[in-house]
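First up is the structure itself, then whatever we jot down about it.
Along the sequence shown, residues are numbered consecutively beginning with 1. Note: hydrogens, waters and symmetry copies are ignored here, and every other heavy atom, side chains too, is used.
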Amino acid sequence: MTFMTCRRLPIRLLFSTFVFGLAGAFSAGPADAAELNGTVRTGNLPVSYAKVFLYQAGTTAGGGAILLGTGKSDSQGGFRVAYAEPSDANAVLYVVTKGGTVDIFGLKPRQRRLRFATVLGPGSPPSQITINERTTVATAYAFAQFIDGVQISGVHPGPKNAALTLRNLVNRRTGAVGHVLATKPNGGKTQTMREFNSLANMLATCARGLADGGCKSLFNLAKPPGGKRAKNTLQAAVNIAHYPGRKAKKLFRLSQRVAVYGPALTSPIATWTLTLLYDGGGGQLDGPGNMVFDKEGNVWIGNNYQYQRRAKTPACGDTHLIRLTPDGRNYPGAPYTGGGIYGVGFGIAMDPDENIWLGNFGFSGRGCDQPLGDDQTVSLFNSDGVAQAGSPYADGGVNRVQGLATDVDRTVWFANCGGDSVAVYPLGDPTAAVNHAPWGLEKPFGAAVDSQHHAWFTANNTNRVFKLDRLGNVLVRTERGENGIKRPMGIAVDSLDNAWVSNSGAIAAPCYFGKTLNIPDKADASVSMVTPDGTVSKAYTNGGVFLPWGIAVDGDDNVWVANFGGFRVGHLCGARPENCPPGVKTGESIAPKKTGYAFDGLVRVTAVQIDASGNVWLTNNWLTVPYQTNPGGKTMAVMIGMAAPVKTPQVGPPQKP
């Protein structure tokens, strides 16, 4: 095995770095000379005489990467690359290999189509690295929204956080399964580790095939719709990440041809998504309701219940605001308390200054010393997690707030699910609060703000959607049940100011704590689009929509649906079909039409949001068979690299970073 060391180098090696990447060395602003050593392998076999390229990722959307140095693997797969370390602490370094030979039964065919990859940065690289099929799959998925050929580029913090996510999937030093993927709540508890190894085995069919013949099946199956067949293993992995439901069964059969990595899948799956579960180290999450992301990609989560390990143990409303890092670890100093926070439901929002507003719904099990009137308040924290008032705010008639949204000028809107009204804090000032109760707004649940400073709400009890201006004037009020709007829950606005609505079909919005939530077996579930002038689309019912609750729009204006039932996620083509697969129209499913993106680690999901790396975050809110004293789920689920990234914090319609 070849080991990697990072050390200062003599001046003669600086000259070689100059030759390998003149523009890169000077553009990146080198601080020190360094040396990168590692090994290229397929399973336990070395990949000999492969070309090795070390890059610094570009920092603009679609911008070019910087070549820092090159090398070549020896007969044992070992390589060495001299390079100049970038001075930027956020620089993302990555390695791509090309070609090489593999000793197969004494034959050593040249594998021209073999291309592996791994990502090193940010931060100092490990003491040694391994590049193999697993690192290639991890790169393809974590950087699915940033990679084009061998070029990786994107706006901070997207690529940086994608690199952190990659480390959860794979060990950069050994090429083995990463610690997070290998252990609870992941590991053998979900299908993801087996999927990950099966994907690596698909690439291994190419690496272990004679000449390029072993690659033909992989490249044909990984052909994108309307596009050309893949030309190398890295591109094949990226294509599968982009179109995880395409040729899924045939890809499974391909993965069975070799058993290089294990444990692997033993039966077909409908989609090749990679989803991780995060619990922040445990002892925190119990009914996560909704979330927001700050500018660095940390996720802030409103939690229904005070954590109790056992579901049969009664749980009181949580008094903490949870904050996790972009890769799912507990943020230093978190969780936060104070400000009268108690049993937050679906209501959480972040303003442009990264202040966090929370709706205190007041969830409680039996035997709780519940604060009087806690369900008729909201709390405020700053970006450091410090409560901004000793007591919560009760201004404006806030009452069992569920949906919550902020504007670019810091105005805050509250959906008073328990009060059949809307509260507004102009410019974020509770003392200036007003309350609007237009006719027909019963059990308002979801809230969203468009680019014109108007607020949209779902009225769950009257099967309507409303749009209001700040004075409370009704700009849009759909007809009762118009075009399939039935028991609407979440709402999200796209960049064209269309409002997308999740119609649960049967869920009566939970506006009163302690009341059993009706969970039907079947419902008239759908998604609707309401244009800025109030025109309601037909009901979109495909994509595996099943008791839809939360809804989000990504940077391409495509729509993601969190299902309270069915253990799956919906993915629909939005109002810009040019950003959808060929032939897919607005409202049609991008995910498999019948199943959506299924995952065995989901329970009942209430919210979905997109981060700056293109990861799709989901709140595992309720247990499948809930106990009314503590029905809370204990994890967040993250589908890796699936969506077009969104600038964070998201205030108003989504924007690309």
Side-chain angles (χ1 to χ4, degrees), residues 38-43 47 49-58 64-65 67 70-73 77 79 81 92-102 110-120 129-154 159 162-163 165-166 169-170 172 175 196-209 212 214-224 227-244 246 251 254-255 258 260-261 272 274 614 640-641:
T39 305
V40 189
R41 307 188 70 82
T42 170
V47 179
Y49 315 118
K51 295 180 180 179
V52 181
F53 303 88
L54 173 64
Y55 293 94
Q56 177 183 341
L67 180 64
T70 64
K72 192 172 185 178
S73 65
F79 66 85
V81 177
V92 174
L93 304 188
Y94 67 98
V95 182
V96 178
T97 73
K98 181 179 181 181
T101 63
V102 181
R110 181 71 179 172
Q111 303 288 23
R112 295 180 300 109
R113 303 299 185 184
L114 203 60
R115 183 167 287 169
F116 290 163
T118 193
V119 179
L120 307 177
I129 68 168
T130 299
I131 306 174
N132 62 11
E133 289 92 346
R134 278 181 175 143
T135 66
T136 305
V137 171
T139 301
Y141 275 75
F143 287 84
Q145 303 300 322
F146 304 112
I147 191 167
D148 183 8
V150 298
Q151 300 290 310
I152 291 178
S153 185
T165 301
L166 177 141
L169 292 172
V170 70
R172 298 168 299 158
F196 183 65
N197 285 325
S198 291
L199 285 162
N201 284 336
M202 291 179 203
L203 304 192
T205 63
C206 181
R208 301 301 180 94
D212 288 332
C215 305
K216 184 177 180 180
S217 295
L218 172 65
F219 295 167
N220 285 336
L221 292 175
K223 178 183 176 182
K228 297 180 180 179
R229 66 193 294 267
K231 294 183 178 180
N232 58 68
T233 49
L234 175 59
Q235 186 60 58
V238 172
N239 288 352
I240 295 169
H242 284 165
Y243 303 98
R246 184 172 172 81
L251 285 169
L254 177 66
S255 74
V258 297
V260 177
Y261 300 102
W272 290 93
L274 288 180
I640 297 171

- With the side chain counted from C-beta on, respond yes when Val95 and Thr135 share a heavy-atom pair under 4.5 Å apart, and no when they do not. no
- Message: Using side-chain heavy atoms (C-beta onward) and a distance below 4.5 Å, is Asn197 in contact with Arg134?
- Response: yes
- Item | Side chain to side chain, Phe79 and Ile129, heavy atoms closer than 4.5 Å | yes
- Query: Ser73 side chain to Ala50 main-chain N or O, any donor-acceptor pair under 3.5 Å?
  - Reply: yes
- Message: Show the nearest heavy-atom pair for residues Tyr261 and Ala200, with the distance to one decimal.
- Response: CD1-CB, 3.5 Å
- Task: Indicate the atoms forming the closest heavy-atom contact of Lys231 with Arg113, along with that distance.
- Result: O-CD, 3.0 Å
- Please name the pair of heavy atoms, one in Tyr141 and one in Ala237, separated by the smallest distance, quoted to 0.1 Å. CE1-O, 4.3 Å
- Please report the closest heavy-atom contact between Gly100 and Val47, naming both atoms and the distance. CA-CG1, 3.9 Å
- Query: Considering residues, nucleotides and ligands other than Asn220, do more than 12 of their heavy atoms fall under 6.0 Å from its CG?
  - Reply: yes
- Task: Would you check, one step at a time, whether the test side-chain contact (heavy atoms from CB on, under 4.5 Å) holds for Leu166 with Arg172?
- Result: CA-CA 9 Å; Leu166 177 141; Arg172 298 168 299 158; 4.1 Å; yes
- Item | Gap separating the CZ atom of Phe143 from the OG1 atom of Thr165, nearest 0.5 angstrom | 8.5 Å
- Message: With a 4.5 Å cut-off on side-chain heavy atoms, are Thr136 and Thr97 touching?
- Response: no
- Query: Donor-acceptor pair, Ser255 side chain versus Leu199 backbone, under 3.5 Å?
  - Reply: no
- Message: Quick check against the 3.5 Å criterion: does Gln111 have a side-chain atom that pairs as donor or acceptor with the backbone of Ala207?
- Response: yes
- Message: Let's go through Arg229 and Lys216 carefully: what are the C-alpha distance in whole Å and the side-chain angles of both, what is the deciding distance for side-chain contact (heavy atoms from CB on, under 4.5 Å) to 0.1 Å, and is it a yes or a no?
- Response: CA-CA 9 Å; Arg229 66 193 294 267; Lys216 184 177 180 180; 3.9 Å; yes
- Message: Within the 4.5 Å heavy-atom criterion, are Val170 and Phe196 side-chain neighbours or not?
- Response: yes
- Task: Going by the side chain to side chain contact (heavy atoms under 4.5 Å, CB included) test, name the single residue among Leu254, Thr42, Leu218, Val258 that passes it with Cys206.
- Result: Leu218
- All heavy atoms of Asn132 vs all of Phe116, minimum pair found to be CA-CD1, 3.9 Å
- Any side-chain donor paired with an acceptor under 3.5 Å for Asn232 and Arg112? no
- Query: With no hydrogens and no angle check, is any side-chain donor or acceptor of Gln145 less than 3.5 Å from a backbone partner on Gly641?
  - Reply: yes
- Please check if the side chain of Gln235 supplies one atom and the backbone of Ala222 the other of a donor-acceptor pair under 3.5 Å. no
- Check whether any side-chain heavy atom of Glu133 lies under 4.5 Å from a side-chain heavy atom of Asn201, and answer yes or no. no
- Message: Can a donor-acceptor pair be found, under 3.5 Å and without considering hydrogens, that links the side chain of Tyr94 to the backbone of Val150?
- Response: yes
- Message: I'd like to check Ile152 versus Tyr55 (side-chain heavy atoms, cut-off strictly below 4.5 Å). Are they in contact?
- Response: no
- Query: So do the side chains of Met202 and Ile240 get within less than 4.5 Å of each other, counting heavy atoms only?
  - Reply: yes
- Can you name the nearest heavy-atom pair linking Gly71 to Val81, along with the distance? N-CG2, 3.8 Å
- Query: Taking Tyr49 for the side chain and Lys72 for the main chain, is one N or O donor matched with an acceptor at less than 3.5 Å?
  - Reply: no
